[in-house]
Amino acid sequence: MRDLSPAAVSAGFVATLVGFTSTIALIFHAARSLGATPEQVSSWVLALGLGMGLTTIGLSLWTRAPILITWSTPGAAVIASAATGVSLGEATGAFLVCGVLMLLCGLTRWFERIMDRIPVALASALLAGILAKFALMAFAGATTHPSLVVAMLLTYLVGKRWWPRYAVLGVLVLGTALAASQGLLNTQVLTLSWARPVWVTPQWSWHAVIGMGLPLFIVTMASQAVPGVSAIRVSGYAAPVSPLMSWSGVATILLAPFGGYTFNLAAITAAIVLNPHAHADQAKRYTAAVMAGLFYIAMGLLGGAVAGLLNAFPAALIMGVAGLALLGTIGSGLAASLREDRFREAALITFLVTLSGVTILGVGSAFWGLVAGTLTLFVENFHHRPANDTDTP
């Protein structure tokens with residue numbers, strides 16, 4: 001409590017708000033594609049909220065670093081696309097397989113060894129490319145709600161000048177008030193209902209494991225774990241990667257029968273609690289993640305009411321707050337990625353491919369950006385000789 005500040009509470013709330021609103025509709029779609037009943041969909045929200053909240057709080061207090069655990073956004077897309085011919089029980093079995101594979105990645109330190117070989121410049125470019133997409137969407141909201149977005153931008157600039165710690169909090173408060181005055185808050189959809197856990201007995205099917213479980217594991221590790229670790233390291237924290245992977249796998253195994261299909265490190269929302277806006281003291285910034293964990297648990301318990309709450313906020317408000325909160329992290333990532341000449345072109349390619357949003361073989365642009373940057377480094381340094389080396393290559 002001594003380390004907590006209003007800015008940390010605000011950052012935790014914004015991270016939770018952005019995390020839920022950006023993909024909750026995709027989660028609902030994935031569950032319903034598997035034939036889930038409304039009670040089972042509510043159980044999914046409960047399991048995901050509790051899983052994200054408890055692991056976030058526990059890991060952040062243990063490491064004293066802002067560790068944010070979230071559901072797998074690309075994984076939800078995989079589930080929705082692979083749901084044809086797969087029952088909810090078979091999908092649950094596939095979720096358990098994914099959790100076991102994540103646990104093995106942590107126990108064997110396989111994933112950490114790969115991350116240790118990624119240059120900081122490429123990791124910074126990868127993170128900047130992911131976050132820049134959200135900043136672009138924030139300013140694009142001015143097309144439909146110009147007064148709201150412009151007012152939030154001006155509030156952010158004034159806040160940065162006069163009260164930098166609470167600039168994002170000011171944007172959230174003013175944006176909400178302005179949206180309410182313009183009739184953009186849909187309060188009619190707000191309802192209060194508690195979620196209850198619904199057990200689904202896992203069923204084993206090779207079709208589900210190969211068609212859903214393995215792709216779920218691959219896209220989660222490639223599109224979320226990699227940028228998640230990059231976000232933590234770029235922000236100056238030396239978090240233990242392997243235990244984070246192990247605990248994410250354990251949470252998935254325990255909560256999969258209730259709808260917790262996959263948990264992993266957050267990247268986009270993690271940048272909000274890793275940002276200096278969350279707390280001026282880096283050593284106390286973990287409190288923002290702890291607050292996000294508490295908000296995750298609260299939203300999970302509310303279950304069915306979450307959808308109504310999130311639908312009450314206009315998209316321009318959510319994306320505007322998120323985009324402005326991420327500006328500092330984007331700038332720092334670009335500066336770090338382009339600082340050294342030997343990494344500059346590879347980092348730039350990594351940034352552009354990631355920013356493009358390209359999806360190949362069901363894997364998102366974060367993975368392909370890293371592949372493109374690594375390939376660039378390999379080509380540039382293959383059989384490379386220093387300038388003063390006159391030997392024949």
Side-chain angles (χ1 to χ4, degrees), residues 7 10-26 73 125 127-190 227 231 266-278 307-335 351-359 364-366:
S10 171
F13 177 74
V14 170
T16 306
L17 191 64
V18 172
F20 265 85
T21 55
S22 59
T23 54
I24 189 64
L26 184 58
T73 300
L127 180 63
I130 294 172
L131 302 182
K133 292 186 290 186
F134 282 77
L136 290 174
M137 293 170 63
F139 291 112
T143 303
T144 55
H145 300 91
S147 60
L148 177 63
V149 175
V150 171
M152 289 195 297
L153 175 59
L154 293 176
T155 302
Y156 175 79
L157 296 176
V158 173
K160 286 285 291 182
R161 176 64 178 86
W162 300 107
W163 59 89
R165 290 189 185 182
Y166 308 109
V168 177
L169 177 61
V171 171
L172 177 61
V173 172
L174 182 134
T176 303
L178 188 58
S181 66
Q182 296 178 353
L184 298 177
L185 295 182
N186 187 14
T187 57
Q188 296 179 350
V189 299
L190 295 177
I268 298 168
T269 49
I272 297 175
V273 297
L274 289 165
N275 196 287
H277 289 304
L309 174 64
L310 301 181
N311 289 331
F313 289 90
L317 172 61
I318 300 300
M319 297 310 304
V321 173
L324 293 173
L326 296 173
L327 287 180
T329 306
I330 296 171
S332 299
L334 287 174
F351 171 76
L352 292 175
V353 173
T354 304
L355 180 61
S356 70
V358 62
T359 299
S365 61

Worksheet item: Nearest 0.5 Å, what's the CD1-CG distance between I330 and L136?
Response: 8.0 Å
Worksheet entry | For V150, the option from L148, L154, L153 that meets side chain to side chain contact (heavy atoms under 4.5 Å, CB included) | L154
Item to complete: Locate the shortest heavy-atom distance separating I272 from A11; write the atom from each residue and the value.
Response: CG2-O, 3.6 Å
Practice prompt. Please report the closest heavy-atom contact between V149 and A142, naming both atoms and the distance.
Written response: CG2-N, 3.6 Å
Discussion item. Which heavy atom of G129 sits nearest to which heavy atom of T354, and what is that distance?
Written reply: C-CG2, 3.7 Å
Worksheet item: Shortest non-hydrogen contact from A132 to F351?
Response: CB-CE1, 4.1 Å
Practice prompt. With the side chain counted from C-beta on, respond yes when Y156 and M152 share a heavy-atom pair under 4.5 Å apart, and no when they do not.
Written response: no
